[in-house]
Peer 1: 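Quick one: the structure is below, and I'll ask about it shortly.
Just so you know, these numbers use all the heavy atoms, side chains as well, and skip hydrogens, waters and symmetry mates.
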Amino acid sequence: SIVGARLDNYSDFGHQFSPRFGLIYHPRPQDALKLIYSEAFRAPTAGELYGSSSSIKSNPTLSPEIIHNHEAIWLHQDEKHSTQLSVFQSFWRDGIMAVGTDVNGIAQYQNQEKSRAIGITAQQEWQFKPWKLALEGSWVKSRNQTQHLDYKAFPASMLGARIGYHAASIRSEFYAIERLMTGMDDVVGGGSGSAYVTTTTLPTYHRLDVTGTWHPDRQTEVQCVLRNVLKNDNYLPAIVTPGGMPDDKRSLSLGVRYNF
């Protein structure tokens with residue numbers, strides 16, 4: 001079992017206690033089952049606590065946002081491959097949001113929002129020298145239960161693949177990395193209603209990168225990266241720009257690192 005805790009003390013709102021508990025069971029030497037509970041928080045900012053003279057009223061009684069996390073994990077590892085599968089659920093309470101408080105539209109930050117997220121992640125790695133292969137994927141659904149909105153600033157589904165080759169004779173490694181992401185909106189925080197902008201779902205994000213690293217000696221590393229090999233037109237969620245923010249075009253970079 002694992003037991004931990006963190007105590008933070010802030011001069012403007014007081015202290016916050018964040019516990020963490022975990023149970024670990026080994027049915028076989030190469031397998032592990034984990035059950036984890038943890039809490040985290042976000043402290044209110046100075047602007048949220050004290051507001052501004054023209055548009056936001058102060059609220060010195062604001063509390064921090066609290067997140068309760070529950071996670072179940074299965075791990076397997078042997079000489080040639082490893083597997084990890086996890087299922088999680090998170091509850092977010094006392095979310096800080098701006099609420100209109102008078103006829104002049106002057107708002108005040110209050111602890112009113114609640115959210116919930118559930119998801120699953122999986123990772124599989126194989127190593128057959130000199131080759132390495134890795135696959136990973138995830139699915140997440142996150143919803144604001146107060147405003148009845150789905151969060152889509154991050155992908156709902158992700159798939160990734162990585163294949164690598166270690167060329168010992170020339171002291172180099174080469175990797176090809178493929179990523180797919182779906183379920184993202186073009187504008188962060190969008191939704192229905194007059195207080196939100198209209199959003200559209202972005203096309204599937206698809207990007208292939210290739211890297212090569214050479215170690216001429218123990219202290220020097222030379223790396224070449226070719227990004228977006230297939231020159232796909234990918235977009236990521238933007239703060240306010242409809243249509244999203246363009247991702248990197250095809251590019252080539254070369255870097256050198258020397259350790260001393």
Side-chain angles (χ1 to χ4, degrees), residues 2 22 24-36 38 69 71-88 119-140 154-184 202-237 245-260:
I2 299 173
I24 303 176
Y25 172 62
H26 292 275
R28 297 186 301 172
Q30 64 269 37
D31 293 317
L33 296 173
K34 299 181 180 181
L35 296 176
I36 299 173
S38 62
N69 301 302
E71 189 171 11
I73 304 171
W74 171 59
L75 296 169
H76 171 85
Q77 186 167 358
D78 56 36
E79 292 182 358
K80 292 187 176 181
H81 77 280
S82 63
T83 304
Q84 177 173 320
L85 180 66
S86 65
V87 180
F88 66 88
I120 183 171
T121 66
Q123 296 175 330
Q124 180 73 53
E125 295 185 1
W126 296 268
Q127 184 167 330
F128 305 99
K129 293 182 179 180
W131 294 93
K132 293 181 180 180
L133 176 64
L135 299 174
E136 58 186 11
S138 66
W139 173 85
V140 178
F154 300 98
S157 301
M158 292 192 296
L159 291 174
R162 182 175 70 254
I163 185 169
Y165 179 78
H166 177 62
S169 61
I170 57 173
R171 299 187 296 275
S172 300
E173 302 98 26
F174 304 93
Y175 283 93
I177 304 167
E178 174 77 14
R179 283 176 290 170
L180 293 173
M181 299 190 295
T182 64
M184 296 182 292
L202 291 172
T204 298
Y205 181 104
H206 174 207
R207 176 169 152 178
L208 173 64
D209 297 343
V210 175
T211 69
T213 306
W214 174 47
H215 303 273
D217 54 51
R218 291 185 177 182
Q219 294 175 291
T220 308
E221 177 182 286
V222 180
Q223 186 176 69
C224 181
V225 181
L226 178 59
R227 296 179 177 86
N228 198 3
V229 175
L230 302 179
K231 205 176 181 179
N232 291 324
D233 291 326
N234 293 314
Y235 291 85
L236 295 168
M245 179 176 61
D247 190 38
D248 294 338
K249 300 296 183 181
R250 183 189 293 163
S251 64
L252 180 67
S253 63
L254 181 67
V256 178
R257 186 174 70 178
Y258 182 78
N259 300 309
F260 57 92

Peer 1: Starting at CG of Asp209, measure out to CG of Leu230 and round the result to the nearest 0.5 Å.
Peer 2: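 Going from the CG atom of Asp209 to the CG atom of Leu230 covers 10.0 Å.
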Peer 1: Find the distance between CD1 (Ile73) and CD1 (Ile36) and round it off to the nearest 0.5 Å.
Peer 2: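 One finds 4.0 Å between CD1 of Ile73 and CD1 of Ile36.
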Peer 1: Taking all non-hydrogen atoms of both residues into account, name the closest pair between Pro237 and Met184 and its distance.
Peer 2: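 The pair with the smallest heavy-atom distance is CD-SD, 3.8 Å.
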Peer 1: Could you give me the CA-CA distance, side-chain angles and deciding distance for Val222 and Leu254, then say whether side-chain contact (heavy atoms from CB on, under 4.5 Å) is met?
Peer 2: CA-CA 7 Å; Val222 180; Leu254 181 67; 4.0 Å; yes
Peer 1: Glu125 versus Arg162: any side-chain heavy-atom pair under 4.5 Å?
Peer 2: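 When only atoms from C-beta onward are counted, Arg162 and Glu125 do touch, with a gap below 4.5 Å.
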Peer 1: Nearest 0.5 Å, please: how far is CG in Leu159 from CD in Glu178?
Peer 2: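 One gets 9.5 Å once the value is rounded to the nearest 0.5 Å.
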Peer 1: Would you indicate whether Trp214, at its atom CH2, is surrounded by more than 12 heavy atoms from other residues, nucleotides or ligands within a distance under 6.0 Å?
Peer 2: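 Counting other residues, nucleotides and ligands, CH2 of Trp214 stays at 12 neighbours or fewer.
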Peer 1: Would a distance-only check, ignoring hydrogens and angles, find a side-chain to backbone donor-acceptor pair under 3.5 Å from Asp217 to Gln219?
Peer 2: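 Present.
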Peer 1: Strictly distance-based, threshold 3.5 Å: is any side-chain N or O of His26 a donor or acceptor partner for the main-chain N or O of Asp31?
Peer 2: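 Looks like yes, one N/O pair under 3.5 Å.
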Peer 1: Is Lys34 paired with Glu71 through a side-chain N to carboxylate O contact shorter than 4.0 Å?
Peer 2: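 Not counted as a salt bridge, because no side-chain N and carboxylate O are separated by less than 4.0 Å.
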Peer 1: With rounding to the nearest 0.5 angstrom, report the OG1 to OH distance, Thr213 to Tyr175.
Peer 2: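 Those atoms lie 8.5 Å apart.
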Peer 1: Report the distance from atom OG1 of Thr83 to atom CH2 of Trp126, rounding to the nearest 0.5 Å.
Peer 2: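 CH2 of Trp126 is found 7.5 Å from OG1 of Thr83.
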Peer 1: Shortest non-hydrogen contact from Tyr165 to Pro130?
Peer 2: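 So the two residues come closest at CE1-CG, 3.2 Å.
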Peer 1: Counting N and O atoms only, with roles assigned by atom type, does the side chain of Arg250 sit under 3.5 Å from a partner on the main chain of Val229, one being a donor and the other an acceptor?
Peer 2: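 Yes, because the side chain of Arg250 sits within donor-acceptor range (under 3.5 Å) of the backbone of Val229.
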Peer 1: Can you name the closest pair of heavy atoms from Asp78 and His76 and give their distance?
Peer 2: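 For Asp78 versus His76, the nearest heavy atoms are OD2-NE2, 3.4 Å.
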Peer 1: State, with a plain yes or no, whether a side-chain heavy atom of Phe88 is found less than 4.5 Å away from one of Asn69.
Peer 2: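 No, side chains not in contact.
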Peer 1: Hey, are the side chains of Leu236 and Met181 touching, using non-hydrogen atoms and a 4.5 Å cut-off?
Peer 2: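 Yes, side chains in contact.
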Peer 1: Check whether the side chains of Ser86 and Thr121 place a donor and an acceptor atom closer than 3.5 Å, and report yes or no.
Peer 2: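 Judged by distance alone, the side chains do pair up.
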Peer 1: Within the distance-only criterion (no hydrogens, no angle test), does the side chain of Arg207 pair as donor or acceptor with the backbone N or O of Arg179 below 3.5 angstrom?
Peer 2: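 Answer holds: no.
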Peer 1: Mind checking the CG-OG spacing from Leu226 to Ser251? Nearest 0.5 Å is all I need.
Peer 2: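 Here the rounded value is 7.5 Å.
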Peer 1: Do Leu85 and Ile120 come within less than 4.5 Å of each other through their side chains, counting heavy atoms only?
Peer 2: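 They are in contact (side-chain heavy atoms under 4.5 Å apart), so the answer is yes.
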Peer 1: Please indicate whether Phe154 has more than 12 foreign heavy atoms, meaning atoms of other residues, nucleotides or ligands, lying under 6.0 Å from its CZ.
Peer 2: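 Result for CZ/Phe154: open.
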Peer 1: Determine yes or no for a side-chain-to-main-chain donor-acceptor pair under 3.5 angstrom, with Asn232 supplying the side chain and His206 the backbone.
Peer 2: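 A pair under 3.5 Å: yes.
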Peer 1: Tell me, do Glu221 and His215 make a side-chain contact under 4.5 Å, heavy atoms counted?
Peer 2: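 In short, these two side chains touch, coming nearer than 4.5 Å.
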Peer 1: On a heavy-atom basis, which atom in Ser157 and which in Trp139 lie closest, and how many Å separate them?
Peer 2: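 Heavy-atom minimum between the residues: OG-CD1, 3.5 Å.
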Peer 1: Residues two or more places apart in sequence or in another chain: which of them pass side-chain hydrogen bond (donor to acceptor under 3.5 Å, both in side chains) with Gln123?
Peer 2: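 Residues passing side-chain hydrogen bond (donor to acceptor under 3.5 Å, both in side chains) with Gln123: none at all.
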Peer 1: Is the shortest heavy-atom distance from the side chain of Gln124 to the side chain of His81 under 4.5 Å?
Peer 2: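 Side chain of Gln124 against side chain of His81, heavy atoms only: contact under 4.5 Å found.
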Peer 1: Evaluate the side-chain proximity of Gln84 to Gln77: yes if any heavy-atom separation is below 4.5 Å, no if none is.
Peer 2: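 Result no, sub-4.5 Å side-chain heavy-atom pair not found.
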Peer 1: Is it the case that the side chain of Glu173 and the backbone of Ala167 share a donor-acceptor pair, with hydrogens and angles ignored and the cut-off at 3.5 Å?
Peer 2: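 No; zero donor-acceptor contacts below 3.5 Å.
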